[in-house]
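Working notes, beginning with the structure itself.
Source: prediction; values computed, not measured. First listed ligand is number 1; within each ligand, the first listed atom is number 1.
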Amino acid sequence: MARGYFITFEGLDGSGKTTQLRRLAEWLRSRGHKVITLRQPGSTELGDRLRAVLLDSRSETALGPLNPMAEMALMFADRAQAIAEIIEPALAEGAIVLCDRFTDSTEAYQGGGRRLGSELVLQLHRAICNNLQPDLTILLLPSLTTSLARARRRNQRNVQKDGTDENRFEREPDEFYARIHNEYEAIAAREPERVLVLGEAESESSIDAVELRIRALVAERVPTLTHL
Ligand code: TMP
């Protein structure tokens with residue numbers, strides 16, 4: 001059986017990538033494709049537990065400040081498990097895998113945001129993830145101001161609604177997010193073939209317009225995907 005196709009979605013918190021991933025998945029399914037979706041961190045038993053430790057701002061109080069290297073190691077532990085349990089088996093079955101964040105996030109957040117450097121992230125990716133590369137990455141990059149405002153609004157809503165608290169990252173200062181933004185731009189410049197960027201103007205248009213743009217990009221890059 002032909003190997004499947006691996007697409008990742010990337011962007012700052014509040015960039016709209018999760019909504020767009022869901023919509024692309026529905027569209028591909030409606031065209032008869034087998035689609036597997038997952039998010040990082042999370043989606044395996046281990047990953048969901050790691051997600052709680054990594055994102056819940058209360059775990060900071062319970063566990064003490066999380067060391068940046070420990071944070072990065074946990075991101076890779078989550079990824080190794082997801083690759084083994086979900087991603088590789090799905091690709092081997094010929095499915096399209098849509099993953100909400102992958103190693104570009106570690107490069108942007110830990111490499112750039114926490115200043116651990118890109119090279120270390122890429123080395124770990126080679127060692128731990130067998131250097132698995134997405135076939136395509138959709139990077140949503142609205143302006144920093146827009147992303148931050150959306151992410152903070154969303155987090156407040158979640159806490160009020162069901163007590164979910166995933167705001168450990170949202171409490172970081174704006175300079176942290178500026179470094180992440182820059183790192184994403186650097187990744188896109190380095191790998192223009194793999195990474196398709198929807199920049200400020202494109203990703204700040206309506207959700208429907210962005211959805212159509214992503215479909216067009218996917219269809220253009222991978223013509224066989226849209227045909228049954
Ligand atoms: P999200 O699921 O809402 O995108 O949130 C995941 C958070 O985890 C987000 O703030 C980015 C962060 N993160 C990293 O810092 N490094 C990583 O490798 C991944 C996958 C996520």
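- Here the heavy atom of the protein found nearest to atom 2 (O) of ligand 1 is R51 NH2, 3.0 Å.
- Between R79 and ligand 1 there is a heavy-atom distance shorter than 4.0 Å.
- Using a 4.0 Å cut-off between heavy atoms, K17 contacts ligand 1 through its side chain alone, with no backbone atom that close.
- The single protein non-hydrogen atom nearest to atom 10 (O) of ligand 1 is D13 OD2, 2.6 Å, given as residue, atom name and distance.
- Backbone and side-chain nitrogen or oxygen atoms of Y109 are examined, and none is located within less than 3.5 angstrom of a nitrogen or oxygen of ligand 1.
- Not counting sequence neighbours, the partners of Q81 by the side-chain hydrogen bond (donor to acceptor under 3.5 Å, both in side chains) test are E85.
- With distances taken over non-hydrogen atoms, the option nearest atom 17 (C) of ligand 1 out of R114, M75, R101 is M75.
- In this structure, the side chain of Q20 engages the main chain of I207 through a donor-acceptor pair within 3.5 Å.
- A perpendicular orientation is assigned to the rings of Y177 and Y109, their planes being inclined by more than 60° (bins at 30° and 60°).
- Residues R190 and E107 are paired through a salt bridge, judged by an N-O separation under 4.0 Å between the basic side chain and the carboxylate.
- Here the CG-CZ distance, from L136 to F9, works out to 8.0 Å after rounding to the nearest 0.5 Å.
- Scanning the protein for heavy atoms near atom 8 (O) of ligand 1, the closest one is L55 CD2, 3.5 Å.
- Ligand-side atoms of ligand 1 in range of T106: 17 (C), 18 (O), range being under 4.0 angstrom from any heavy atom.
- Of all atoms in ligand 1, listed by their number and element, those nearer than 4.0 Å to a heavy atom of Q40 are 20 (C).
- In terms of protein heavy atoms, atom 15 (O) of ligand 1 is closest to Q110 NE2, 2.9 Å.
- Looking at Q110, its side chain never comes within 3.5 Å of a backbone N or O of P68 through a donor-acceptor pair.
- Contact annotation: for R39 versus ligand 1, there are no heavy atoms closer than 4.0 Å.
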For this session: Could you give me the CA-CA distance, side-chain angles and deciding distance for D78 and R101, then say whether salt bridge (charged side-chain N to carboxylate O under 4.0 Å, His left out) is met?
Result: CA-CA 12 Å; D78 163 73; R101 298 192 179 282; over 6 Å; no

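- Residues meeting the side-chain hydrogen bond (donor to acceptor under 3.5 Å, both in side chains) test with T37, sequence neighbours left out: none.
- Residue contacts with ligand 1 for E10 are absent, since no atom lies close enough (heavy atoms, distance under 4.0 Å).
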